[in-house]
Amino acid sequence: MNPPNTNLRAFNLAVQTLLSTPSQFLPHLTIPTITHLPESIGPLLESQYPSQSQAQSSEGGPKKEIAIRALVLDKDNTLCPAKTTTFPAHIYSHLHSLRHSPTSPFNINTAPNSILIVSNRAGSHPRYEEEAVEIEERLAGLRIPVFRLPTTRKDGDGIVEKKPFCGEEVLEWFRERKVVKGAAEIAVVGDRLGTDVLMAKEMGAWSVWCRDGVGEELTKGKRNVLEKMEVWVERYLRESKGLKAPPPI
């Protein structure tokens, strides 16, 4: 019998973050669905974090730009309806554009390893391997792989856990392929604050929250209690408390 796909430690981290540093529970950028993700994410982030882009060297050098060279994409309710491997046509079309646009920093030819799916289902455990393989087959024309969670850390120091705790391994995946030099060149895109946004925070990357998942027409009435609570908490922290996510350190 397979154990349940629980993530109690992630829940505990979410509660701890809300109690200690609630601004870190907020995303850096919010979009309705992944179809609203532009190929040039840096300028959007610069408009919201001008102090990051306007920082100059002590010699008065040029402005510092925010360059996003890699995307970490959640699967369930970001790319596909939860617990499926079905890509809605409008989402597949947008992924195709990100991979084939000649101006995209995630172009399949100039940056073949710039997009990685990191899921707490597919790739997180051998019992979901069939799902991971099916996703890669559906995306074969886009060459977007599914990250396989290692069983242990390379230094032998413990088991690698699911999002939001596998950021170190995901960063290493991109570094090994010479896609990025640091986590601040990565945007983590997903529908969950407690896993996707906190993963970005833990690894020092930028976070993009897909507020409506795969779209209101597909997610309406299907969100669980935690997902509904996250939407309420985000609105409360942003509108009532006036908080804003701090930029990656």
*Asks:* Do the charged groups of K181 and E185 touch, with an N to O distance under 4.0 Å?
*Replies:*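 Not counted as a salt bridge, because no side-chain N and carboxylate O are separated by less than 4.0 Å.
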*Asks:* I'd like to know if the side chain of Q48 reaches the main chain of L29, judged simply by a donor and an acceptor atom lying under 3.5 Å from each other, with no hydrogens or angles considered.
*Replies:*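 Absent.
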*Asks:* So, does S104 use its side chain to make a donor-acceptor pair with the main chain of F106 at under 3.5 Å?
*Replies:*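 Judged by distance alone, yes, a pair lies under 3.5 Å.
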*Asks:* Under 30°, 30 to 60°, or over 60°: which ring-plane class applies to W232 and Y236, parallel, tilted or perpendicular?
*Replies:*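 It falls in the parallel class, under 30°.
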*Asks:* Nearest 0.5 Å, what's the CG-OG1 distance between D76 and T195?
*Replies:*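 Reported value, rounded in 0.5 Å steps: 10.0 Å.
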*Asks:* What residue among R177, R69, R99 forms side chain to side chain contact (heavy atoms under 4.5 Å, CB included) with S114?
*Replies:*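 Between S114 and the candidates, side chain to side chain contact (heavy atoms under 4.5 Å, CB included) is satisfied uniquely by R99.
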*Asks:* How long is the span from the OG1 atom in T78 to the CG atom in D196, to the nearest 0.5 Å?
*Replies:*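 So the gap between those two atoms works out to 5.5 Å.
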*Asks:* Within 45° of the axis and under 6.0 Å from the centre of the six-membered ring of W173, does NZ or CZ of R175 qualify?
*Replies:*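 No, cation not above the ring by the 6.0 Å, 45° rule.
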*Asks:* Check salt bridge (Lys or Arg N to Asp or Glu O under 4.0 Å) between E230 and all other residues, then give those that pass, not counting sequence neighbours.
*Replies:*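 With neighbours one apart ignored, the set is R192.
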*Asks:* Would you say the side chain of L171 lies within less than 4.5 Å of the side chain of I186, judging by non-hydrogen atoms?
*Replies:*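 Yes, their side chains come closer than 4.5 Å.
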*Asks:* Would L98 and V180 show up in the same hydrophobic cluster when neighbours are defined by side-chain heavy atoms closer than 4.5 Å?
*Replies:*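 No: no chain of side-chain contacts under 4.5 Å links L98 to V180.
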*Asks:* Check step by step if side chain to side chain contact (heavy atoms under 4.5 Å, CB included) holds for T86 and C80.
*Replies:* CA-CA 5 Å; T86 302; C80 307; 5.6 Å; no
*Asks:* Would you say the side chains of T33 and H36 form a donor-acceptor pair under 3.5 Å?
*Replies:*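 T33 vs H36: donor-acceptor pair found between side chains.
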*Asks:* Kindly indicate whether the side chain of F147, heavy atoms from C-beta on, has any atom under 4.5 Å from the side chain of E169.
*Replies:*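 They are in contact (side-chain heavy atoms under 4.5 Å apart), so the answer is yes.
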*Asks:* Do I68 and L45 come within less than 4.5 Å of each other through their side chains, counting heavy atoms only?
*Replies:*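 Side-chain contact under 4.5 Å: yes.
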*Asks:* Please determine whether ring-ring contact (aromatic ring centres under 6.0 Å, His included) holds for the pair W209 and F25, giving the CA-CA distance in whole Å, both sets of side-chain angles, and the decisive distance to 0.1 Å.
*Replies:* CA-CA 11 Å; W209 183 45; F25 198 70; 9.3 Å; no
*Asks:* Between the main-chain N or O of S101 and the side-chain N or O of N107, is there a donor-acceptor pair closer than 3.5 Å?
*Replies:*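 Flag set: sc N107 to bb S101 pair under 3.5 Å.
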*Asks:* Distance under 6.0 Å and angle within 45° of the ring axis: does K75 meet both against F87?
*Replies:*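 No; the conditions do not both hold, so K75 does not lie above the ring face of F87.
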*Asks:* Same cluster for L18 and M199 if Ile/Leu/Val/Met/Phe/Trp/Tyr side chains link at under 4.5 Å?
*Replies:*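 The answer is no; the residues belong to distinct hydrophobic clusters.
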*Asks:* So, do N12 and V15 sit near enough that their side-chain heavy atoms are less than 4.5 Å apart?
*Replies:*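 No, side chains not in contact.
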*Asks:* Between the side chain of S124 and the main-chain N/O of R121, is any donor-acceptor distance below 3.5 Å?
*Replies:*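 Yes, S124 side chain to R121 backbone: donor-acceptor pair under 3.5 Å.
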*Asks:* Check for a donor-acceptor pair, side chain of T17 on one end and backbone N or O of L13 on the other, with a separation under 3.5 Å.
*Replies:*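 Yes, the answer is positive, given that a donor and an acceptor are paired below the 3.5 Å cut-off.
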*Asks:* Given side chains that start at C-beta, do those of D74 and K163 come closer than 4.5 Å, heavy atoms only?
*Replies:*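 The answer is yes; the side chains approach within 4.5 Å.
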*Asks:* Who pairs with E129 by side chain to side chain donor-acceptor pair (under 3.5 Å), at least two apart in sequence or on another chain?
*Replies:*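 If we apply the side chain to side chain donor-acceptor pair (under 3.5 Å) test to E129, skipping adjacent residues, the hits are R148.
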*Asks:* Can you hop from I41 to L95 via hydrophobic side chains spaced under 4.5 Å?
*Replies:*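 I41 clusters together with L95.
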*Asks:* Might you point out which heavy atoms bring L116 and V146 nearest each other, and give the distance in Å?
*Replies:*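 Heavy atoms of L116 and V146 come nearest at CD1-C, 4.2 Å.
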*Asks:* Report yes or no: does E136 contribute a side-chain atom to a donor-acceptor pair with the main-chain N or O of V133 at less than 3.5 Å?
*Replies:*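 Not a single qualifying donor-acceptor pair exists.
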*Asks:* If two hydrophobic side chains count as joined below 4.5 Å and joins carry through other members, does V188 share a cluster with W206?
*Replies:*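 Unlinked, V188 and W206 end up in two clusters.
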*Asks:* Under 3.5 Å, is there a donor on one side chain and an acceptor on the other for E131 and T85?
*Replies:*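 Distance-only check fails for E131 and T85.
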*Asks:* When you measure from the side chain of S47 to the backbone N and O of L44, does any donor-acceptor pair fall under 3.5 Å?
*Replies:*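 It does hold such a pair.
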*Asks:* Do L26 and V197 sit in one hydrophobic cluster, given that two such residues count as connected whenever their side-chain heavy atoms are within less than 4.5 Å of each other, even indirectly?
*Replies:*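 Yes.
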*Asks:* Do the non-hydrogen side-chain atoms of S23 and K244 ever get within less than 4.5 Å of each other?
*Replies:*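 Answer no - side chains too far apart.
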*Asks:* Please examine the side chains of K241 and P22, heavy atoms only from C-beta on, and report whether any two atoms are closer than 4.5 Å.
*Replies:*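 Contact flag for P22/K241 side chains = no.
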*Asks:* Could you check H28 against S207 for side-chain hydrogen bond (donor to acceptor under 3.5 Å, both in side chains), going step by step and ending with a plain yes or no?
*Replies:* CA-CA 5 Å; H28 296 110; S207 58; 3.1 Å; yes
*Asks:* Between V160 and T152, is a side chain to side chain contact (heavy atoms under 4.5 Å, CB included) present by the stated rule, with each step listed?
*Replies:* CA-CA 5 Å; V160 183; T152 58; 5.7 Å; no
*Asks:* Between the side chains of E39 and T103, is a donor N or O closer than 3.5 angstrom to an acceptor N or O?
*Replies:*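 Present: a donor and an acceptor within the cut-off.
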*Asks:* Ignoring hydrogens and angles, tell me if any N or O in the side chain of H94 forms a donor-acceptor pair with the backbone of I34 under 3.5 Å.
*Replies:*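 Yes, H94 side chain to I34 backbone: donor-acceptor pair under 3.5 Å.
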